[in-house]
S.K.: 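First the structure, which I've put down as structure tokens, then a few questions once you've had a look.
Here is the naming used below: chain letters follow the sequence lines, and residue numbers restart at 1 for every chain.
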There are 4 protein chains.
Amino acid sequence: MSLWGADRYHVLMTPPEATKQRGRPRSEQSHQKVLEATARLLGSSSYDSISVERIAAEAGVGKQTIYRWWRNKAEVVLEAVLTGYVEMELVPMDDTGDLHQDLSAWMQGMLTEGFREEFIAMARSLMAAGLEGLPETAELIRQEHAWESGALMERLRRAAERDELRPGADIAAAASALIDPLLFRIVIGKPCAPAWGQALVDTVTSGIAADRPAR
Amino acid sequence: MSLWGADRYHVLMTPPEATKQRGRPRSEQSHQKVLEATARLLGSSSYDSISVERIAAEAGVGKQTIYRWWRNKAEVVLEAVLTGYVEMELVPMDDTGDLHQDLSAWMQGMLTEGFREEFIAMARSLMAAGLEGLPETAELIRQEHAWESGALMERLRRAAERDELRPGADIAAAASALIDPLLFRIVIGKPCAPAWGQALVDTVTSGIAADRPAR
Amino acid sequence: MSLWGADRYHVLMTPPEATKQRGRPRSEQSHQKVLEATARLLGSSSYDSISVERIAAEAGVGKQTIYRWWRNKAEVVLEAVLTGYVEMELVPMDDTGDLHQDLSAWMQGMLTEGFREEFIAMARSLMAAGLEGLPETAELIRQEHAWESGALMERLRRAAERDELRPGADIAAAASALIDPLLFRIVIGKPCAPAWGQALVDTVTSGIAADRPAR
Amino acid sequence: MSLWGADRYHVLMTPPEATKQRGRPRSEQSHQKVLEATARLLGSSSYDSISVERIAAEAGVGKQTIYRWWRNKAEVVLEAVLTGYVEMELVPMDDTGDLHQDLSAWMQGMLTEGFREEFIAMARSLMAAGLEGLPETAELIRQEHAWESGALMERLRRAAERDELRPGADIAAAASALIDPLLFRIVIGKPCAPAWGQALVDTVTSGIAADRPAR
DNA sequence: CAATAAGCGAGACGGTACGTCGTGTCTTCTT
DNA sequence: AAGAAGACACGACGTACCGTCTCGCTTATTG
């Protein structure tokens, strides 16, 4: 299942055109096999120790078939990661009515889930592919950085609707403040103690200032 | 000037040994020329479109001279970036006594400075080199991620000493919440509006919850 | 017009069967278009710089249509060359009754005609295709090497019938001695002076003539 | 031993320059290994079924090392063939004083030697490489077509000096008339009966001899 | 002051991967 | 059933880098 839930096929590929197509149609099976092989290899190797040739071999596919549909390795890896071929369990976001408690539980889950080897590998691959593919693939990684679209943003949105947030609170900023430090540490492999995550949740939910500045 | 101020030479290189050296000593001039050339190339090319060969040519240096002192391209780039061969102006952190105002001013400065082409290039190079050099260079990028060592942490520390922060506030978490989302966006090239930065500062300084949870 | 005069279709293709054919019959138009396109391309490119794909594109024909009727590029090229799609003017062989004079005139004609760019291209293509298609196409190029079947052999045969040749003279050997050195030089692109050709004719005719021509 | 006897290194490579050379010198061992590997492969495969990659692998050499010194496969093969890495025994040319007898013996030897599998392979490789490498390598194959430089021309020259040839006889033409038909048949794989070779010798010798041999 | 040692620029080396091209087969819709 | 279109598996091409190695040369310390 994808981190992003939705099918992201359209992000990389133009949707099937309405024009009557001539010639042999694209083999959807090959498409799948490539992404699966990529995901499999990413699980056991780093981004730049896998080659297009190995992906092709692993997928039982011709190299040209890869280059026919993707411009380079970065794009293949991005599609594999973004469309969820790299398996990943989402940390569930509860809604007990208590925002601080829900975020705390979620954060602890993320600290566990996010530092699983597979997630680290995936996050690094995403980052490496995004950086290498620049500037062509920049838009992709930008779009997909939108973790806010997930459960976290949703939970914050609900809190706002229930007037649990102070007026003017920016939920996108809050989501960023929660998730980006975590993601960063996952990518660079810096371990995070549970207390650190908790402090982050505390900070975002209640701020750090002794007296709230008047705005 | 380096982002980190201090000389980081020791991080990558064993310090000059006390033992009396035989043979021709290392040419400090070559050392400099390599780092300068690397910085120059990083300004106009991405991390993986520059090669050791190009660095050597640009520096007017033999390739072996590079490999004698660094293990691979990632290390050269890391040293060039970390020791400040990539020029960079630090955003000054004021201390007017008003934390929220000081952080706001600093954030707006960072939004300007951080999205300068050179800073983006440097940040991406750092990231790419760190990722590629794994696991050998992991420690480096982890250490250098410690932006807390800079002005931001210092300002927060002073605020804490003056009891401007609520009890139990975690300044490291706050610093992370402020800087990581910014850094992330710089690396992936996602533009940030001034309002977004402001919201981040607001969130961290005052939190988002309507009522502070009792802790 | 073909060097060999006759239609060589049968050499490569099984003759049209008598059996009642089911389905759409072979498009003779496509057949022609392929050979024409091949000849056209051979005029401007060398054998191995043209591809089946280019032939198909140039002919406006599907690639499979080519592979349905020929086994490989060598066969297509051989048929195109051998059936005379590569335009070629035969050097006429006179019969004035004077063998030495007739052969001399013919040789000078060949030296002119054979070193025309088109002939060179054709000869090289024939050679290259024959070599590449080995061993399948070996028989073809062997058969077609039989230049003896042409005007030269015919003229020699007539001379023999008129007792102009010394007893025991081998006209096939004489024909080979005349034409192979020429052909070889055409293929490898080694220029031949008129005097060289004349010397060849002199050598062979004094070797086979009943009475040595007075020179 | 080479068909041409002499070392042909200079034909393909610029001779070692007098200029003081910098950097690591060319590995003569690698040079040899490439040519040996090429010759070995040519013995068991046809010209275009061997690849540069296989040559490199067989030689235990990097592919770039081949491309550093030769422009393409054709040049490697040409050098391997022309410098005699493809083993070849020359047919000895006797000088009994009787030209017709000497040429007959030599021709019968050639018919045996030339149709040995190795010689056929070598001749075809030479031809294929020469054709493919056009026009760059054209000069090479032209030069090397100069079989006249060998024993045959030498024998004819001696005969001329002894006035065994008729006045005005062109020994180059005679040599061509003898060897090119043979070479052509070897290349295209057309078997030659001993009688055919004998007829060729008869034709040429009676053409050039001062006194016709009695037959 | 020679001998020894190690660094230097240069550039060839054995390799790995790249991205392109060509071959001959297969699969779609069209004629 | 054949044709045009074009995707497919395969594999060679020629290039670019990697990290190592060997040259002749230079610059130190040591004997």
S.K.: Going through the distances and angles, do D:Glu79 and D:His31 end up as a side chain to side chain donor-acceptor pair (under 3.5 Å)?
M.R.: CA-CA 11 Å; D:Glu79 183 170 341; D:His31 184 185; 2.8 Å; yes

S.K.: Where is the tightest heavy-atom contact between B:Lys73 and B:Asp48, given as atom of each residue plus distance?
M.R.: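 That would be NZ-CA, 3.6 Å.
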
S.K.: Take the protein atom CZ of B:Arg54 and the nucleotide atom P of F:dC18, then report the distance between them rounded to whole Å.
M.R.: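 About 11 Å, once rounded to whole Å.
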
S.K.: Without decimals, in angstroms, what is the distance between C:Glu58 CD and F:dA4 C1'?
M.R.: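 After rounding, the gap between these two atoms is 16 Å.
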
S.K.: Please give me the minimum heavy-atom distance between C:Arg54 and C:Ser49, naming the atom from each residue.
M.R.: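 Taking every non-hydrogen atom into account, NH1-O, 3.7 Å.
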
S.K.: Between E:dC18 atom C1' and A:Glu132 atom CD, what is the distance in whole Å?
M.R.: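 It is 11 Å, rounded to the nearest whole Å.
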
S.K.: To the nearest Å, how far apart are A:Ile66 CD1 and E:dA17 P?
M.R.: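 Atom-to-atom, A:Ile66 to E:dA17, this comes out as 14 Å.
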
S.K.: If you apply the rule salt bridge (charged side-chain N to carboxylate O under 4.0 Å, His left out), what do you find for B:Glu75 with B:Arg71, and how did you get there?
M.R.: CA-CA 6 Å; B:Glu75 293 204 346; B:Arg71 274 178 298 186; 2.6 Å; yes

S.K.: Using a cut-off of 4.0 Å between protein heavy atoms and nucleotide atoms, how would you tag nucleotides 5-11 of chain F 5' to 3' with B, S and -?
M.R.: BBBBSB-

S.K.: Whole-Å distance between F:dA2 C1' and C:Tyr67 OH?
M.R.: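 After rounding, the gap between these two atoms is 18 Å.
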
S.K.: Mind jotting down which residue pairs meet the side-chain hydrogen bond (donor to acceptor under 3.5 Å, both in side chains) criterion with at least one end in residues 125-134 of chain C? Sequence neighbours excluded, please.
M.R.: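 side-chain hydrogen bond (donor to acceptor under 3.5 Å, both in side chains) check on residues 125-134 of chain C returns C:Tyr47-C:Glu132.
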
S.K.: Minimum heavy-atom separation for A:Val76 and A:Leu35, please, with both atom names.
M.R.: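 For A:Val76 versus A:Leu35, the nearest heavy atoms are O-CD2, 4.0 Å.
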
S.K.: Could you tell me how far apart D:Glu75 (CD) and F:dG14 (C1') are, to the nearest whole angstrom?
M.R.: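 Interatomic distance, CD of D:Glu75 to C1' of F:dG14: 14 Å.
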
S.K.: Which heavy-atom pair separates B:Leu42 from B:Ala121 by the least distance, and what is that distance?
M.R.: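 Result for this residue pair: O-CB, 3.7 Å.
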
S.K.: Just to be sure I understand the geometry, which residues of residues 43-50 of chain C put a non-hydrogen atom under 4.0 Å away from DNA chain F?
M.R.: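 Nothing qualifies; none.
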
S.K.: Whole angstroms only, please: what is the NZ-P distance between C:Lys73 and E:dC21?
M.R.: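 Going from NZ in C:Lys73 over to P in E:dC21 covers 15 Å.
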
S.K.: Measure the distance from CH2 on A:Trp70 to C1' on E:dT20 and round it to the nearest whole Å.
M.R.: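 About 18 Å, once rounded to whole Å.
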
S.K.: Between C:Ala80 and C:Ala39, what is the shortest heavy-atom contact and its length?
M.R.: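 Looking at all heavy atoms of both residues, the shortest contact is CB-N, 4.5 Å.
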
S.K.: Quick one: closest heavy-atom pair of A:Leu78 and A:Ala129, and the distance?
M.R.: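 For A:Leu78 and A:Ala129, the tightest heavy-atom pair comes out as CG-CB, 3.9 Å.
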
